[in-house]
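First comes the structure, then the notes that go with it.
Counting convention: from 1, in listed order, for ligands and their atoms alike.
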Amino acid sequence: MAAPSQESLFRTENSDIPLLAEVIIPVALPQNYTWSVPASMRDQVQIGIRVEVNLGARRRYAGIIKRLHTDKPDFKPKPIIQVLDDHPIVTETQLIFWTWIAQYYLCTEGEVMSAALPTNFKLSSETWLRLLPTYGEDFTALEDAEYLLAEALSIKKQLRISEAQLILQNKQVYSIIHRLVELGIAELVESLQEKYASRLDTFISLHPTYQDETTLADLLNGGLRAPKQLELLLAYLDLKKDNDFITRATLLKRASSTAAPLQALIEKEILIAEKRSVGRITRPEAFVKLDFTLSSYQETALQSIRSQWNQQDVCLIRGVTGSGKTHLYIQLIADAIQQGRQVLYLLPEIALTSQIIRRLQQHFGGGVGVYHSRFSGNERVEIWNEVRSGKIRVMLGARSALFLPFTDLGLIICDEEHDASYKQQDPAPRYHARDAAIYFAARYQAKVLLGSATPSLESFYHAQQGKYGYVELTQRFGAGELPSLQVIDTRAILKEDRTRVSMTPPLMKRMEEVLAQKRQIILFQNRRGYSPYQLCILCGWIPQCEHCDVSLTYHKKSNQLRCHYCGSSYPLVQRCHACGHDQFGQRSFGTERIEEQLQLHFPKARIARMDVDTVKGKQAHDQLIQQFETGEVDILVGTQMVVKGLDFDRVDLVGILDADGLMHFADFRASERAFQLMEQVSGRAGRKQANGQVLVQTSDPEHSILKWVAAHDYIGFYEAELKKRQAFGYPPFSRMIRVLFRYKQQSVVEQAAQAWAKAMGATWQARMIGPAESMIARIRDQYRMEVWLKLPRSAKSIAEAKGKIISSIYQFRKEKSLARVDVVIDVDPVS
Ligand code: ADP
Ligand code: ZN
Ligand code: ZN
């Protein structure tokens, strides 16, 4: 007998054949579970909608129906508690994508779901419901159950969903919670740490009555008597000319007013005050405006991309920094929009989105949306729905934007494709957004454009092999030329001055000149040398974290030592634990100290620092970038953050303070990363004029990487590096999978790693590096051992290896003493 069609399964007449639903819930389960669909819900269930189910006696989840079927189960499934949506929130294409990610990156579909859905969609007993202060205390309009929950919330401010379940004693809690969220009484948050995500601010707007011009004119011409109020209102109208949104604080500041006149205007219903989450997406009209002409180089590249897409879906563009890749993207985006299709524009970091969004909005207005993990739950749901309805044509985002419900995706642009931030590290799914994008695009028959000035070795290799199309832009746009690079040998200087100098005299001198010409400077200090250590000047001992095998870094502001891996802090050490000496020096130099030295040397310069300490919120980061763009800052000091594809007009000098820290790493990708970082950071100089300069401080001036960077010779670098990779069988000549074991007892981790390796068998053992201690052998009191598997690139052998990895984990865990060892699998690790 043929299987009944999906359609006919739903019909209530067939209710004698039990209907079952395979449901994905946001938990790491080895496989999806099945629930039965009660007869009363037959008409409501569909693939991609959410249902409330329970797992065990107490835990409740909102899960997504992946499959409906009538296969007889060999157990008695529990019934679905309730259906939560009347139309699918996830498309079937997305579900296929989730399955692929889970299979490729060796994780569960539940983990993918967790990463993919905005919090508001994936309620679980662990989710929190938090009271929003804006609604007020008047709950009289609510129905009984809603009232009960709102009351509880107004007392406790926040409740776990599990607590809400207890309070309501009611099976259908989710619909009540949804009501409260819809009414703006409460919001859902995944964990309480996320608080910052939905910072509220008071926004002021004109009451609708006065949107009408004549009514407003009457008011201004004598209708409003109180001078202070009038002044405030005028200040508001003035601000309104250039700003879509005006906060209470901005307004009061502009009008130099106290709160009283504002309060009066609000009471008179002339102005309205509204609390809203900061950064809420606001979208003006969509349009397409291409008001530039491409240079002849750009035009040739554009035609070439278009024609290569006739044969190949993926095309790589290598365009030197400042060559105008963004303008090509804009043209290609316009093509896709004109064909009525959607575009996904991926960036490796949230930090980059603000500059690019401003550039895209000039050309597409409100047709562009942004999506990333810093948005609040409600905002993310809003964007989700707008992508699903097709209202958003161009989506700009960091890697999580891949999970949006596109209906007709025509193009994915993956900018700065070489960037390691495209790889998710923790938690699973540990996916690489560039690679996943290529798979995802194929589901829509969409084209992919990978762009970079310094392509990853893998992508460039694929292009060379003819697997991807390839286009290059070797010249900067306009009068810009690639900057010249000079190496400063720090050895001689170091000999004279034993306390390491962070800025050598030649660098200082050049900075002085640049400042005198009112031009800008970027100083780059890599993360490794990010903060100073406290160091015994006699024996060199450095204080270590008690919970991790890492050195502690010194934070001047708090006058503490801190572990950057687990966050523990310690008072300063008074006596060396190794030799008893009581004098300490500092080794290395952090951005904080550099900033200080700069202030001493250049008291008149305006200096800003950009690193994880100074740019906590998204706002802070945007502000810094804008300040630098508009010339309010002369010197920008920063870590990796300053490197990435930002476009500044007035930078004449880039200083790379410690190239040694970049070039000397144990990892097989170290050279690639060092080249990319240095070439990228150099790329910030001289973008619009031909006088950009890069000064590199190093104690190894002969290092070959420096030569390639100096010559901006990507190809030279690529060819040399590829030979090395081939000789040692590293990617792109193989695929790597890292298997990490962690546990609180060292001997147990060791046994587990060994037992697992043994279970893998001799053939795979021959392809292993390890088991060996991880580079950092202990983090948060957990010992770490790892194994790297180098696999041949054939799909068959990789599939076999993956199967074996999983079965060997089951195998070693059968040994009771090893069962609790945590295993982390990272497919295609980037570091
Ligand atoms: P890339 O991303 O390749 O480093 P950008 O796209 O940021 O380079 O371009 C560098 C600068 O040149 C930008 O300020 C950009 O506005 C400008 N530019 C590039 N191409 C054009 C063009 N065709 N017309 C006008 N300005 C351009
Ligand atoms: Zn000592
Ligand atoms: Zn620690």
Legend entry - Metal site the Zn ion (ligand 3): N/O/S of Cys563 inside 2.8 Å: yes
Inset, instruction - Check whether any N or O atom of Gly322, backbone or side chain, sits under 3.5 Å from an N or O atom of ligand 1, and answer yes or no. - result: yes
Legend entry - Salt bridge Asp781-Lys744, side-chain N to carboxylate O under 4.0 Å: no
Legend entry - Centroid-centroid under 6.0 Å between Phe460 and Tyr470 rings: yes
Legend entry - Per-atom contacts of ligand 1 with Thr293, taking only distances under 4.0 Å to non-hydrogen atoms: 22 (C), 23 (N), 24 (N)
Inset, instruction - Would you check if there is a donor-acceptor pair between the side chains of Ser459 and Glu417 at a distance under 3.5 Å? - result: yes
Inset, instruction - Check Gln298 against ligand 1 and report side chain, backbone, both or neither, counting heavy atoms closer than 4.0 Å. - result: side chain
Inset, instruction - To the nearest 10 degrees, calculate the angle at the Zn ion (ligand 3) involving SG of Cys548 and SG of Cys545. - result: 110°
Legend entry - Test item: side-chain donor near acceptor, Glu750 and Gln746, under 3.5 Å: no
Inset, instruction - Determine whether more than 12 heavy atoms belonging to other residues, nucleotides or ligands lie under 6.0 Å from atom OH of Tyr570. - result: yes
Inset, instruction - Taking Tyr329 for its side chain and Leu449 for its backbone only, find out whether a donor-acceptor pair lies under 3.5 Å. - result: no
Inset, instruction - Could you establish whether Gly319 and ligand 1 come within less than 4.0 Å of each other, counting only heavy atoms on the residue side? - result: no
Inset, instruction - Looking only at distances, please establish whether an N/O atom of ligand 1 is found under 3.5 Å from an N/O atom of Arg359. - result: yes
Legend entry - Those atoms of ligand 1 less than 4.0 Å from some heavy atom in Thr326: 2 (O), 5 (P), 6 (O), 7 (O)
Legend entry - Per-atom contacts of ligand 1 with Thr321, taking only distances under 4.0 Å to non-hydrogen atoms: 4 (O)
Legend entry - Gly324 neighbourhood, listing ligand 1 atoms whose heavy-atom distance to it stays under 4.0 Å: 1 (P), 3 (O), 5 (P), 6 (O), 8 (O), 9 (O), 19 (C), 20 (N)
Inset, instruction - State whether the number of non-hydrogen atoms from other residues, nucleotides or ligands found under 6.0 Å of Arg358 atom CZ is greater than 12. - result: yes
Legend entry - Centroid-centroid under 6.0 Å between Phe292 and His363 rings: yes
Legend entry - No-hydrogen, no-angle side-chain donor-acceptor test under 3.5 Å, Ser747 and Gln745: no
Legend entry - Phe364 vs Val288 side-chain heavy atoms within contact, under 4.5 Å: yes
Inset, instruction - Determine yes or no for a side-chain-to-main-chain donor-acceptor pair under 3.5 angstrom, with Gln520 supplying the side chain and Phe628 the backbone. - result: yes
Legend entry - Residue and atom names of protein N/O/S atoms that fall under 2.8 Å from the Zn ion (ligand 2): Cys536 SG, Cys539 SG, Cys576 SG, Cys579 SG
